[in-house]
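The sequence lines fix the lettering, A, B, ..., with proteins before strands; numbering per chain opens at 1. If you're wondering where the values come from, they're calculated on a predicted model, not measured in any experiment.
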4 protein chains.
Amino acid sequence: MSEEPAPRRRQARGERRIAQLLQAAASVFCRTGYAAASTNAIAREAKVSPGTLYQYFPNKEAIAVELGDRLLQEMRATQGLAFDRVDLRLPLPELVDAVLEPVIEFNCRNPAFLALMHGSGDVPGRIAEEHEAVHEQMLTRIGELIRSIAPALDDGERRRIAAMTLGIVKAGLDLVLAAPEGPERDGTVAELKRAVVRYLDPLFAPPLTTTPSP
Amino acid sequence: MSEEPAPRRRQARGERRIAQLLQAAASVFCRTGYAAASTNAIAREAKVSPGTLYQYFPNKEAIAVELGDRLLQEMRATQGLAFDRVDLRLPLPELVDAVLEPVIEFNCRNPAFLALMHGSGDVPGRIAEEHEAVHEQMLTRIGELIRSIAPALDDGERRRIAAMTLGIVKAGLDLVLAAPEGPERDGTVAELKRAVVRYLDPLFAPPLTTTPSP
Amino acid sequence: MSEEPAPRRRQARGERRIAQLLQAAASVFCRTGYAAASTNAIAREAKVSPGTLYQYFPNKEAIAVELGDRLLQEMRATQGLAFDRVDLRLPLPELVDAVLEPVIEFNCRNPAFLALMHGSGDVPGRIAEEHEAVHEQMLTRIGELIRSIAPALDDGERRRIAAMTLGIVKAGLDLVLAAPEGPERDGTVAELKRAVVRYLDPLFAPPLTTTPSP
Amino acid sequence: MSEEPAPRRRQARGERRIAQLLQAAASVFCRTGYAAASTNAIAREAKVSPGTLYQYFPNKEAIAVELGDRLLQEMRATQGLAFDRVDLRLPLPELVDAVLEPVIEFNCRNPAFLALMHGSGDVPGRIAEEHEAVHEQMLTRIGELIRSIAPALDDGERRRIAAMTLGIVKAGLDLVLAAPEGPERDGTVAELKRAVVRYLDPLFAPPLTTTPSP
DNA sequence: TATGAATGAGTGTTCATTCAT
DNA sequence: TATGAATGAACACTCATTCAT
């Protein structure tokens with residue numbers, strides 16, 4: 001009972017440091033991208049010496065990996081639910097809204113996520129792999145959503161549409177993040193949803209148009 | 001009579017050198033991104049010594065700026081025509097096709113353009129400024145196109161729609177460039193056009209489509 | 001009555017800590033050499049925090065110096081006797097045996113001693129000075145032994161012979177320590193003694209052996 | 001005929017730089033040992049910037065490896081001859097003289113060789129391997145020499161004697177290098193030879209002593 | 001006193017840029 | 001002009017040492 005507080009406080013301190021460093025890293029990555037971000041700059045941003053940074057992370061890549069992992073985990077938690085629990089029989093606007101809302105909200109809270117995802121060629125192996133994995137997972141999820149909407153589509157076409165949808169969403173998120181918070185951002189959010197709805201809406205058509213005539 | 005030819009040939013030689021260096025830079029930027037591209041790598045790619053590179057460009061940034069400028073100029077030449085000459089009374093699919101086709105073709109021939117435009121945070125000031133300028137110009141052009149389609153839209157909304165359109169186009173171009181040449185790329189091109197058409201189509205409708213069929 | 005026990009216990013505790021740290025240092029120096037040994041590694045080996053280490057030693061060098069001093073002291077205690085008490089009228093093999101046996105035994109028990117003595121250039125000033133001092137003392141002792149054997153030798157020559165003897169002993173000790181304990185090590189020990197005996201034996205001879213038996 | 005000078009001069013310059021850097025490295029290694037030698041210190045000693053050093057060597061280890069290789073090559077050239085051409089029927093003092101003289105001379109000209117060989121634990125893999133190889137080769141050569149002198153010796157004993165001989169030689173070389181050039185050094189050289197002769201002389205005995213009695 | 005997180009100067013190394021040839 | 005060796009500031013990272021707890 002008298003021995004636990006110390007280690008706990010220690011761990012707590014460690015966790016706080018890590019969080020502080022990751023936040024600093026997120027901020028620097030957002031400003032300069034991964035490649036141009038210097039570990040010393042991250043340490044400075046975290047108001048900590050370079051040595052301290054290296055007490056918690058073995059190297060620069062590990063910082064980005066851990067940051068990516070944490071963001072990913074949170075993203076999956078937030079967004080996985082959205083994807084899995086969404087009622088596929090909902091009208092498209094509501095469906096898109098249900099799926100996109102948590103994604104947008106997450107990215108607004110964690111702009112580093114997109115920053116990390118964007119660094120195309122300049123990120124080292126581990127992060128690029130994560131990229132790939134997340135990207136693939138998202139394509140799959142969107143693909144499944146599309147299948148439930150338009151089961152007749154062949155695999156290639158579905159994949160293409162999923163990729164385009166994801167592209168639109170990413171582009172829209174960039175615009176959303178670039179917009180100042182307030183009505184402007186809200187408007188951009190609405191515009192993004194509208195774009196996705198309009199893009200996917202035609203996929204619905206056939207079943208309805210084909211069945212009439214009594 | 002003996003002094004003119006020399007400078008001309010010199011200038012000609014200089015132009016060739018610059019072109020050679022810019023092409024090398026384009027190639028390297030595409031492979032590694034701006035930040036990770038080393039001037040020595042560019043010089044090597046151009047089969048020229050680093051010293052020679054610095055005879056034509058004061059620093060690394062200047063290379064990117066000049067490359068950007070030239071691509072821009074070519075883009076404007078190719079695309080400006082498309083934008084300016086397009087018949088605004090064409091049905092939307094044909095209109096989008098007329099505007100987008102040269103853009104796509106240009107970007108396929110000059111993948112460095114998109115590479116340069118994408119480097120979000122890792123490019124230094126000057127290049128970012130150019131970004132801004134090009135971006136702004138494109139927004140304006142798209143905005144004008146939109147005004148001709150939907151004159152009733154207020155400025156803010158038009159701007160927002162133009163930005164989203166540009167975002168969709170950029171995202172689509174990424175997919176197009178990522179797709180292997182052949183049917184896959186063609187399919188992706190078609191998908192991009194479809195996305196833009198679907199996004200912009202509703203802007204036409206209200207006044208005309210809502211009142212039909214007695 | 002209530003003040004004395006505490007300091008004593010403290011001192012005792014301090015001594016134990018110091019001993020513990022020095023032993024850890026000896027172990028680490030043996031494994032990695034002085035230069036490559038990190039104070040953190042020593043503290044870890046002693047199962048103590050770096051801060052504690054610095055409560056007993058002002059810096060890394062002081063650890064090596066103190067370790068050297070203690071080893072030296074013990075060496076002197078063990079070996080001084082051997083040197084001082086040895087019966088100089090003994091035949092050379094027995095004499096060498098009497099002097100070398102405790103030296104060998106000491107070095108087998110304290111391999112750090114040789115490790116510390118060997119670090120030729122990579123040790124800082126203070127340690128090098130100690131080196132010098134020990135070295136000088138050993139040379140002197142061996143020199144005296146040699147004088148008792150060959151009183152006719154001039155100073156320079158005696159010093160040279162003493163130095164070579166010490167060199168042979170050090171080289172032999174390295175071999176002994178490198179050999180696995182058991183018959184191999186015993187054989188190496190015997191070889192070392194043989195080498196020293198053969199080297200010094202001719203110093204005895206001339207006056208007695210040259211004039212023999214008609 | 002007009003194109004060759006440039007590359008040649010270039011290569012010559014490069015070679016000179018490398019030689020200059022290696023010499024500086026040798027000097028610094030001698031003073032501080034490998035581990036404590038900083039590349040910047042080597043560059044400074046060579047009156048060159050750190051960048052220049054890295055134009056010729058990919059990393060610190062490569063400097064030591066190249067230096068070791070060159071020294072080794074020269075050593076083998078000088079010493080191999082001595083070992084291979086020596087007339088084994090020579091009386092021992094002449095034989096030792098013939099073998100040792102070039103070794104001593106080489107080490108006097110290249111004190112870095114011994115310095116590099118001495119760094120026991122603090123040298124990285126590649127160099128340690130070279131160590132091992134040279135050491136082994138020397139043991140083999142000395143072993144063969146011993147076999148020609150004392151063919152009856154069993155393998156283990158021969159190896160032990162070879163190792164001790166090598167140890168004596170190394171120890172002696174250290175003394176030789178430590179002695180100021182002039183009569184003192186010459187005397188030390190003579191003493192080293194004497195030590196080796198005395199150590200190996202008894203191996204000759206049997207054949208002579210056993211064959212008498214007509 | 002003991003702890004171990006924090007420090008920051010110093011390492012090895014890279015790369016944009018300069019300059020003697 | 002063209003060359004490529006040379007430069008040196010800056011980066012990722014380490015470790016002897018300090019200090020709040």
Side-chain angles (χ1 to χ4, degrees), chain A residues 5-7 9-11 13-14 16-17 35-44 46-63, chain B residues 10 13-14 17 35-44 47-63 124, chain C residues 10 13-14 17 35-44 47-63 124, chain D residues 5-7 9-11 13-14 16-17 35-44 46-63:
Chain A
R9 217 176 286 151
R10 290 260 156 74
Q11 265 193 347
R13 184 132 75 110
R16 226 177 303 136
R17 266 283 124 89
S38 87
T39 54
N40 286 7
I42 295 172
R44 212 177 309 120
K47 294 178 181 192
V48 142
S49 72
T52 297
L53 187 156
Y54 281 91
Q55 202 139 36
Y56 294 96
F57 299 99
N59 53 47
K60 182 177 164 181
E61 184 178 349
I63 303 172
Chain B
R10 272 208 194 122
R13 191 134 71 107
R17 268 282 129 90
S38 86
T39 53
N40 286 2
I42 294 172
R44 212 179 310 121
K47 295 180 181 186
V48 144
S49 73
T52 297
L53 186 156
Y54 278 88
Q55 206 123 38
Y56 294 97
F57 298 99
N59 53 45
K60 183 177 165 182
E61 186 180 346
I63 302 171
Chain C
R10 270 204 197 124
R13 191 133 71 107
R17 270 278 130 91
S38 86
T39 54
N40 286 4
I42 293 171
R44 210 179 311 121
K47 294 180 182 185
V48 144
S49 73
T52 298
L53 186 155
Y54 278 88
Q55 206 123 39
Y56 294 97
F57 298 98
N59 53 45
K60 183 176 163 182
E61 186 180 345
I63 303 171
Chain D
R9 218 176 285 150
R10 290 259 157 73
Q11 266 194 347
R13 185 132 74 110
R16 226 177 305 135
R17 267 282 124 92
S38 88
T39 54
N40 286 7
I42 294 172
R44 211 176 312 120
K47 294 179 181 190
V48 142
S49 72
T52 296
L53 187 156
Y54 280 90
Q55 201 140 36
Y56 295 97
F57 298 99
N59 53 47
K60 182 176 164 181
E61 184 178 348
I63 303 171

From the set [options], return the single nucleotide nearest to any side-chain atom of [X].
| X | options | result |
| --- | --- | --- |
| D:S38 | F:dA2, E:dT11, F:dG8 | E:dT11 |
| C:P50 | E:dG12, F:dT17, E:dT3 | F:dT17 |
| B:K60 | E:dT17, F:dA16, E:dA2 | E:dT17 |

Should [X] be listed as having a side-chain N or O under 4.0 Å from OP1 or OP2 of [N]?
| X | N | result |
| --- | --- | --- |
| C:R17 | E:dT1 | no |
| D:S49 | F:dG8 | no |
| C:Q55 | E:dA2 | yes |
| C:Y54 | F:dT17 | yes |
| C:T39 | F:dA16 | yes |
| C:Y56 | E:dT1 | no |
| B:T52 | F:dT3 | yes |

### Contiguous pairing runs of three or more, Watson-Crick or G-U under 3.5 Å, that involve DNA chain E
E:2-21 with F:2-21
### Pairwise distance OG(C:S38) to CG(C:N40) - rounded to 0.5 angstrom
5.0 Å
May I have the distance from [X] (atom [atom1]) to [N] (atom [atom2]), rounded to whole angstrom?
| X | N | atom1 | atom2 | value |
| --- | --- | --- | --- | --- |
| B:L53 | E:dT17 | CG | P | 10 Å |
| A:E61 | F:dC11 | CD | C1' | 16 Å |
| A:I42 | F:dC13 | CD1 | C1' | 13 Å |
| B:K47 | F:dT3 | NZ | P | 13 Å |
| A:R44 | E:dT7 | CZ | P | 14 Å |
| B:N40 | E:dA16 | CG | C1' | 8 Å |

Base, sugar-phosphate, or nothing for [X], non-hydrogen atoms under 4.0 angstrom?
| X | answer |
| --- | --- |
| C:A62 | nothing |
| B:F57 | nothing |
| B:A43 | nothing |

## Note on the structure
Residue set satisfying side chain to side chain donor-acceptor pair (under 3.5 Å) with A:R44, at least two apart, ordered chain then number -> none
### Contacts of type side chain to side chain donor-acceptor pair (under 3.5 Å), residue B:T52, not counting sequence neighbours
B:S49
### Query
What heavy-atom pair brings B:A35 and A:A35 nearest, and what distance separates the two atoms?
CB-CB, 4.4 Å
### Closest non-hydrogen atom pair, A:T39 against A:Y54
CG2-OH, 3.3 Å
### Task
Answer whether the closest heavy-atom distance between the side chains of D:I63 and D:L53 falls below 4.5 Å.
yes
### Which residue lies more 5' along DNA chain E, comparing D:N59 with B:A41 via nearest heavy atoms
D:N59
#### Entry: 5′-ward residue of the pair D:G51/A:A37 relative to DNA chain F
D:G51
